[in-house]
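Atoms within each ligand, like the ligands themselves, are counted from 1 in listed order.
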Amino acid sequence: MCGIVGYIGKRDVAPLLLEGLQRLEYRGYDSAGIVITSPKAAGLKMVKAKGRVRDLEARVPKRFTGTTGIAHTRWATHGAPSDINSHPHLDPENKVAVVHNGIVDNAQELRAKLEADGVVFASETDTEVITHLIARSQATSLEEKVREALKVIEGTYGIAVMHADFNDRIVVARNGSPVVLGIGEKEMFVASDVAALIAHTRQVVTLDDGEMATLKADDFRTYTTSGATTTATPETVEWEAASYDMGGHDTYMHKEISEQPDAVDRVLRGRIDDRFSTVHLGGLNLDAREARTIRRIKILGCGTSYHAGLIGAGLIESMARIPADAEPASEFRYRNPVVDPDTLYIAVSQSGETYDVLAAVQELKRKGARVLGVVNVVGSAIAREADGGVYVHAGPEVCVVSTKCFTNTVVAFALLALHLGRIRDLSVTDGKRIIEGLRKLPAQISEILESEEEIKKLAEQYAGAQSMMFIGRVRGYPVALEASLKLKEISYIHAEAYPASELKHGPLALIEPALPTVAIVPNDDLLEKNRAALEEIKARSGRILAVAHQPQEKADHTIVVPKNEDELDPILMGIPLQLFAYHTALAMGRDIDKPRNLAKSVTVE
Ligand code: M6R
């Protein structure tokens, strides 16, 4: 949600920042801007544009040179996408430039006070408040000016600040929105995430909340917002720069769907222990004795991660026989939940940055709960805040809609369920059975991906629908939820997901030839019940596309997927529906990687 990138060194900064913005564009893409300077320049030079980074690039003049700069790609919160509301925001004297990711909660109040003092605002943004506060500070250093401004700011921020009178430095600060420093040879970078840095340096420092940093070309230092020096030891990023390229695919979504066999292989690698028919999860920080005392598991996540959590809860209940459920993290913390000492809480997040999840984790920790993370991005805020957890090792996911991370997260939950199960009541035989099933997954996913042409043809037939229904029972229901979210996110077709068992309690009223139903019909103990639901739909002349282990007589079309163990079937059944959503959206001419109104990494509430 908003991408920030900055550089100070000797290189020509504008092309470097524009390239960084391209890599961060998935964080927000309604407008973008850049401000630059150099040690010898008098003042700051700025260009901003509504639209994509390519629109900004088109506006950058030929002689737009400098060696220090900050840039931003925006997902609007305060004020519509427009040139003027784009970041950076400058003060009227063009001395201070600020880029910001987050929300200033008390912006209205501060704006009123500043206006009463005669300040004229150029934009409708909350960020401009920060610019004016810094510009009006009487402090003698840029660090102190920023610190003074932040003292009155309530809300979340990742900011980068430049000042024409202090043009040997960039000052950055973090509270709730990510800020990563990239440490180079006589050059320094700053960004909202490593995607923008990794082509230049793999040595990074992730700021903590309440931390600030001063970047100079050959030096950096970190300190708290109250001025105390902090220690920052650079870490090496493991992800390769090439993982952020499209790799010959037309979209990141297609690339990421096709990477799933390898991604699943990665989440399994080095974790299976055949001797005891279990798995090793190094970072869990939960010994067997503690694991036996858990009485409940509560999983918290948002969107796709919440859906993965729903499948995860089912896996834990069935393998470990621990009562488990999942809840949207965004709802959890506002209902003053009872925090029980015998409950293990698990926060799920691809990005590890989602504000709603992070805030729920912080609330739980404050109340003394034990919280584990199931996270993709190593060292992200949620991973750092949790007491331990499981990395899902899906590699970078760039497309706004999540595919490979969903699959890997569910596999990570299967590993956790197996681990807990084998500590409790899961037999060696069942442990072996699950391990064999897990090992089959990469090849079975490849087999599903080979049916892409067939799925594409089906998608093209359904692409004209105004609305679609997705149904499934028990394990199949979260698969239906996720498939319907995928379809609506990228095709903008209205889609609803229901437990198949609930059809006759209301949604059956919607069924008619124009409303197709996608049904999840695994070959398990509920097969006949699922078939009965197909009968009910067919009797009302509804069109049916089934995802099943064998062709379904009542369905107009069936996508047949390979059978695994009943517990692991949801992992495979979701995959053809990612391709279905993809090809439906493609047939409708949608912008697959950047769906309207959305952004990856929702770092605001
Ligand atoms: O990074 P997270 O997993 O915490 O993100 C949670 C949701 O915002 C995310 O899954 C969202 O629903 C995606 N657009 C799904 O495709």
Side-chain angles (χ1 to χ4, degrees), residues 1-3 26-29 75 176-178 192-193 195 251-254 256-257 260 299-312 326-333 346-362 371 373-386 389-410 412-413 478-479 481-492 495 497 574-575 577-582 585 590-605:
M1 202 132 275
C2 297
Y26 67 94
R27 301 181 70 94
Y29 33 85
W75 184 85
S177 301
S192 308
D193 74 53
T251 61
Y252 279 108
M253 183 176 181
H254 194 267
E256 287 156 9
I257 290 175
Q260 292 177 107
I299 301 169
L300 300 167
C302 294
T304 287
S305 289
Y306 160 60
H307 297 156
L310 285 171
I311 302 179
E327 183 176 339
S330 47
E331 290 286 285
F332 174 77
R333 102 196 140 94
I346 303 181
V348 198
S349 175
Q350 180 284 126
S351 58
E353 284 179 22
T354 302
Y355 181 80
D356 286 319
V357 185
L358 182 61
V361 172
Q362 288 167 341
V371 188
V374 174
V375 171
N376 188 40
V377 178
V378 175
S380 55
I382 294 167
R384 280 143 56 109
E385 196 80 44
V390 186
Y391 280 121
V392 310
H393 294 313
E397 191 178 68
V398 177
C399 179
V400 166
V401 301
S402 182
T403 52
K404 65 173 179 172
C405 277
F406 170 75
T407 303
N408 266 39
T409 302
V410 178
F413 269 116
V479 177
L481 276 170
E482 173 57 12
S484 83
L485 175 66
K486 221 78 307 170
L487 184 77
K488 64 188 136 200
E489 276 184 298
I490 52 166
S491 72
Y492 319 145
I575 287 170
L577 294 174
Q578 297 172 346
L579 284 170
F580 178 77
Y582 177 79
R590 305 300 193 210
D591 188 346
I592 306 261
D593 283 336
K594 298 192 180 76
R596 72 181 177 206
N597 307 338
L598 299 181
K600 210 164 180 75
S601 303
V602 186
T603 55
V604 294
E605 192 168 351

What atoms in ligand 1 come closer than 4.0 Å to a heavy atom of Ser305?
2 (P), 3 (O), 10 (O)
Just which atoms of ligand 1 are under 4.0 Å from any heavy atom in Ser351?
1 (O), 2 (P), 4 (O)
Atom 13 (C) of ligand 1: which protein heavy atom is closest, and how many Å away?
Glu489 OE2, 3.4 Å
Ligand 1 to Ser402, heavy atom cutoff 4.0 Å, flagged ligand atoms 15 (C), 16 (O)
When you measure from atom 6 (C) of ligand 1 to every protein heavy atom, which one gives the shortest distance, and what is it?
Cys302 O, 3.3 Å
Under the rule for salt bridge (Lys or Arg N to Asp or Glu O under 4.0 Å), what residues qualify as partners of Arg590, not counting sequence neighbours?
none
Please examine the side chains of Ile490 and Met253, heavy atoms only from C-beta on, and report whether any two atoms are closer than 4.5 Å.
yes
Looking at side-chain heavy atoms only, is the closest gap between Glu482 and Thr304 below 4.5 Å?
yes
For atom 10 (O) of ligand 1, what's the nearest protein heavy atom and its distance?
Thr304 N, 3.2 Å
min-distance protein heavy atom vs atom 4 (O) of ligand 1 -> Thr354 OG1, 2.4 Å
Applying a 4.0 Å heavy-atom criterion (strictly less than), which segment of Lys486 is in contact with ligand 1: side chain, backbone, both, or neither?
side chain
Glu256 meets the salt bridge (Lys or Arg N to Asp or Glu O under 4.0 Å) criterion, sequence neighbours left out, with none
Are any non-hydrogen side-chain atoms of Ile311 and Phe413 less than 4.5 angstrom apart?
no
Can you find a pair of side-chain heavy atoms, one from Asp593 and one from Val398, that are under 4.5 Å apart?
no
Determine whether the aromatic ring centres of residues His307 and Phe406 are separated by less than 6.0 angstrom.
no
With heavy-atom distances below 4.0 Å as the criterion, list the atoms of ligand 1 near Val401.
16 (O)
Identify, by atom number and element, the atoms of ligand 1 in contact range of Gly303, meaning under 4.0 Å from any of its heavy atoms.
12 (O)
I'd like to know if Val400 contacts ligand 1, where contact means a heavy-atom distance under 4.0 Å to any ligand atom.
yes
closest protein heavy atom to atom 8 (O) of ligand 1 is Val602 CG2, 3.9 Å
Ser177 side chain near Glu353 side chain, heavy-atom distance below 4.5 Å:
no
I want to check something: taking the side chain as every heavy atom from C-beta on, are Pro595 and Val401 in contact at a cut-off of under 4.5 Å?
yes
What atoms of ligand 1 come closer than 4.0 angstrom to any heavy atom of Gln350?
1 (O), 2 (P), 3 (O), 4 (O)
